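One structure below.
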Amino acid sequence: MPAATAPELELDVGRLRRERYAKLQAQMAADGLDALVLLHGPHVAYATDCLPEAVDVTHASANRPVAVVMADHPRPCLLGGDPDGLDVDAHPAVWPEIDEGAADLGAQLNAILGRHARGGRVGIDLMTGAMRRTGVLSGTEVADAANTLAAVKLHKTIDELACIHQAQARTSRAMASVYEALTPGVRRSELAAVFLRRLREEGIDANMIDVIFQPMARRLDDGPRTTTGHLAFPTWSGDPVYAEGDLIWVDAGSDYHGYASDFGRTWVVGRWPTPAEQRCFVRWLVVMNAAYEAIAPGVTFAEVCAAATAADAPHRPDGDHPWMPHFYLVHGVGIESAEMPFLGTDNGPDFDAAHTLEPGMVMVLEPAIWEDGTGGYRAEEIVAVTEDGWIPLGGGHPYDPFEVPR
Amino acid sequence: MSLHLQRRTRAVDALAAAGIDMLVAGRQDHINYITGAHQLWTAGTRPFGPVCTLNTNTGEIYLLSTWDEGVPDDIDLDHLHGITWNGAVIYQRLAANPGMATAQRVGIDSWSPGMAGLLSAVAPNAEIVPTDDVLSRARRTKLPSEVDAIRAAGAVAAAGAAAAIAQSGTDTQRLAAGVEAMALAGSSTPAAEPQVKGPVVDFSCLRSHYEGGLGRTADGAPPDVRPHANLIAACVPGATGQDLRRVAPDGDWLVRGSGMGFESPVINARYGADETLEAHMVLSVSATTGTEYARDTVLVTEQGPEIISPELP
C-alpha cells in the first residue's frame, strides 16, 4: 500500500537542467547524431528549460522557439523564446510557420551546425510546411528525434519527479475548491472558472487541457455512440447544468515547470452515492490495490495488467479488463500528458509482456469500473517506480463523496 | 448550408486546385475548419499524426475520434477511427483508406521523419507535399458567420480583460480574476497567453473554434491616438505589408490573421512586406509605444477597417 503522502521532493532547477542535458548528449552519441533540432514545445523545454506556454496550437506554433543541441557542445542553442535566466546560447526568433521565417531558420541552422550542415546526421522532431518548402536541413541526413527524446524522458530524474509531484499537488488543491462549488444547478463553465482561477493562485499558469467535468449517461445506450461499443470519455461536453444525482467524471492536467499533472475523480452532484455507486468505487479500489501490489522494478507490464484484471474478475463474467478499451490501465506522464510507459493499450498482450517496469518510470493508474444502468467509477493516481518499489506523487486527494472502507 | 460545410467547400476547392487528391491533417485548427467537430482542446504544439483525412475527389472524411459526441452528422460513426496507441493500426487505417494507394499528390500540414516514411509506404505512387499554405490561404478571408463567431469570442475576451482591470491586488490575482471571468463568459480556452502587467492587459480566447481578443493599457490613450491607430487605418483592401510598415509606430507591432486561432497573413517589421490585404480578412492589430499598448481585432471591408473587438469600459 502507498504511503499516505509523497516524500518531500524539492526541485533543483540547475540540477534538472544539467542532468537532462547530460542524458540528451549521451543518447545522441548512442543514436549517432551530430545534432538535434527540436520544434515540439515539450522537446524544446526538455533541452533548454524554455517552458511551453499553455496556448492554442496555432499560437504555440506561430511563435515557437526552436532548440538546437550540438553533440559535445556544453549548452543548447535557443532560437527565439525567452532566454532570460536560461543556460543557453541565445539566437534570434524565427517564425517557422511562414516561408520567410523558415528561410531564416534554415540560415541560422546552417550557421549553428557548421560542417554538419553538409552531410551531418541530424535528428529532428517535426518540420513545418514552410521548412519543407524552403529546403531546411536539405544537406543533412535526417533522423527522427522523437526516438532520442523518448529514450531520455522514459526514466525521470529526481527533479522531474519533484515537478510532477508539484503539478499534481497544486492541481489537486485547485480541484478541492471546485468540489466545494459542485451543487445542483451549477454549470460546467462555473466549475471551470473556479478551477482556472485557483490554478493561477496555486502558481500554475499552464492549464494544458480544457478541464473535463463530463456528465455520464448511466447506460451506454444513452451516451454517445462509440467505435468500441464502450464508454465515451473524455468528450467535449459544452456547458451543461448539473442536477442532483448527476454522475460527473473529472479530468484535468496542468504543467508545473513543464511537467504535467493528471487529476481524475468521480463526483456525484448534491447527494451521497447510492449503494450501487459505492460498490463500483470499492471495485475500483480493489483493482487499484492489486495494481499497487504488483508494481515493482522488473515486473512486466503484462503482470500488472493481469493483477488488476484478476482483482475484478469476480465481477466480470466477460473476463474483460477493468479499464476503458480505447485507453489503458496505466499511462506515463512527464513532459507530455500521456507518454510511455503504456500498460494495457491496443498495442496488445505481446507488447505488455515484452516491457518491464524500471526505476524512474512514472505511472498514472486509471482503471475504470462500469456497471451499465448504475454508472461507474474512475479516478487517477500517480506513482513513480523506485529501486525497491514505488512512491506516490501528489496524492492524498480524497475520494469524496465515496467512502473508503476501513 | 452550415458553416462547417461552407468552410469545407472552400478547403476542398483550394486543395483540388493545388492538385491534392488526399489531405492528411494533424493540426487541430485545420481539422476544425474542415470537419466542424468539437474535440477536446489541448494546449501547445503537437507531434504530427494523421488525425483527419479528406479525399478531395470524393469528399470522404475519416476522423480520429472514438465517439460521435461533438462530431457533425455528416461524418458517420463508420468514418470515425477510435483512439489508438499502436503504430501498426495507424498504418492499416491509412492503407485501407479509399483513394490513398492511388493518390498522386498527398497533402500534409506538418512533417516528421516517422510520418514521412509511413505515408510513402501507404501512398507509394504519391508525391507528399506540404499544403498548410493552401489551407491557410483558403482560410484567410472570412465568411459572414465566421465574423459573427469572432465578434462573439471578442466579447468573451473583453469580459476577461475588464475583470482584470477592475480587480485590485497583485498581477497574479488580477490575472486569476480575468481567466475566471472569461470562463464564466463562455470560454475556458485561451488563444494566446493572457497578460496582466500593471496597467497592461491582453486577453484572448477561443469560443466555438473562433478566436477573439484585445489588449490595452488601462486608462491609457483615447482610441484615435493609440499606438495601433495608424496601422488600423491602413487595413484596407489592396494595402500591402510595405504600406503597413510605412505607418507603423517605432515600437513593436504585429498585424496577423485571426480566425480559428493565429492565421496568415503575418506582417511585422521583418516579415510580410509582400502580403496584400483583402476584404473579409480579420486581423489582430497590435502595437506598443513607450508604456502604451493596444490590440484590437479588425475586419477589413470594402468601406475600410472595422474594429470588431469591443471597447473596454
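Within every chain, numbering begins at 1; the chains are lettered A, B, ... in the order of the sequence lines, protein sequences first and strands thereafter. As the structure is a prediction and not an experimental result, all values here were calculated from the model.
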Aromatic plane relationship, B:Phe262 with A:Trp95 - under 30° parallel, 30 to 60° tilted, over 60° perpendicular:
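Judged by the thresholds at 30° and 60°, the geometry between A:Trp95 and B:Phe262 is tilted.
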
Fit a plane to each ring of A:Phe342 and B:Trp85, take the angle between them on a 0 to 90° scale, and name the class: parallel (under 30°), tilted (30 to 60°) or perpendicular (over 60°).
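If you compare the ring of A:Phe342 with that of B:Trp85, the planes turn out tilted.
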
Return the [atom1] to [atom2] distance between [X] and [Y], rounded to the nearest 0.5 Å.
X: B:Trp67; Y: A:Leu231; atom1: CH2; atom2: CG; answer: 9.5 Å
X: B:Glu193; Y: A:His59; atom1: CD; atom2: NE2; answer: 11.5 Å
X: A:Thr235; Y: B:Asp68; atom1: OG1; atom2: CG; answer: 10.0 Å
X: B:Trp111; Y: A:Thr128; atom1: CH2; atom2: OG1; answer: 11.0 Å
X: B:Asp29; Y: A:Thr58; atom1: CG; atom2: OG1; answer: 5.5 Å
X: B:Glu69; Y: A:Thr226; atom1: CD; atom2: OG1; answer: 12.0 Å

Please classify the contact of [X] with chain A as side chain, backbone, both or neither, using a heavy-atom distance under 4.5 Å.
X: B:Pro265; answer: neither
X: B:Val71; answer: neither
X: B:Ile128; answer: neither
X: B:Asp274; answer: neither
X: B:Ser65; answer: backbone
X: B:Met182; answer: neither
X: B:Glu211; answer: side chain
X: B:Arg256; answer: side chain

Which bit of [X] is near chain B, if near means a heavy-atom gap under 4.5 Å: side chain, backbone, both or neither?
X: A:Pro234; result: both
X: A:Ala143; result: backbone
X: A:Arg188; result: side chain
X: A:Val57; result: both
X: A:Arg225; result: both
X: A:Ala45; result: neither
X: A:Tyr328; result: side chain
X: A:Ile212; result: side chain
X: A:Ile124; result: both

Which atoms form the tightest heavy-atom contact between A:Glu100 and B:Arg270, and what is the distance?
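Taking every non-hydrogen atom into account, OE2-O, 4.2 Å.
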
How close do B:His81 and A:Thr227 get, counting heavy atoms only, and between which atoms?
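Heavy atoms of B:His81 and A:Thr227 come nearest at C-CG2, 4.4 Å.
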
Matching residue for B:Glu180 among A:Glu190, A:Arg197, A:Arg200 - test: side chain to side chain contact (heavy atoms under 4.5 Å, CB included):
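For B:Glu180, the side chain to side chain contact (heavy atoms under 4.5 Å, CB included) test succeeds with only one of A:Glu190, A:Arg197, A:Arg200, which is A:Arg197.
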
Would you say [X] has more than 12 foreign heavy atoms packed within less than 6.0 Å of its [atom1]?
X: B:Asp73; atom1: CG; result: no
X: B:Arg93; atom1: CZ; result: yes
X: B:Asp252; atom1: CG; result: no

Looking only at side chains, do A:Asp210 and B:Thr189 share a donor and an acceptor under 3.5 Å apart?
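B:Thr189 and A:Asp210 do not have a side-chain donor-acceptor pair below 3.5 Å.
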
Winner by heavy-atom pair count (cut-off under 4.5 Å) against chain B, out of [options]:
options: A:Val44, A:Asp104, A:Leu39; result: A:Asp104
options: A:Pro325, A:Gly101, A:Ala206; result: A:Gly101
options: A:Leu196, A:Asp125, A:Val55; result: A:Val55
options: A:Asp205, A:Asn207, A:Leu126; result: A:Leu126
options: A:Ala338, A:Ser61, A:Gly238; result: A:Ser61
options: A:Pro42, A:Ala54, A:Ala192, A:Gly41; result: A:Ala54

Could you check which of [options] has the highest count of heavy-atom pairs closer than 4.5 Å to chain A?
options: B:Thr170, B:Leu206, B:Thr66; answer: B:Thr66
options: B:Val266, B:Asp132, B:Thr42, B:Ile83; answer: B:Asp132
options: B:Ala88, B:Gly272, B:Ala183, B:Ser187; answer: B:Ala183
options: B:Pro190, B:Gly82, B:Gly261, B:Ala191; answer: B:Ala191
options: B:Thr172, B:Leu80, B:Leu77, B:Val179; answer: B:Leu77

Might you work through the salt bridge (Lys or Arg N to Asp or Glu O under 4.0 Å) test for B:Asp133 and A:Arg132, ending with a clear yes or no?
CA-CA 11 Å; B:Asp133 53 342; A:Arg132 298 294 292 167; over 6 Å; no

Is the backbone N or O of B:Thr84 less than 3.5 Å from a side-chain atom of A:Asp346, with the two atoms forming a donor-acceptor pair by type?
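Not at all, since once roles are kept as given, no pair shorter than 3.5 Å links the two residues.
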
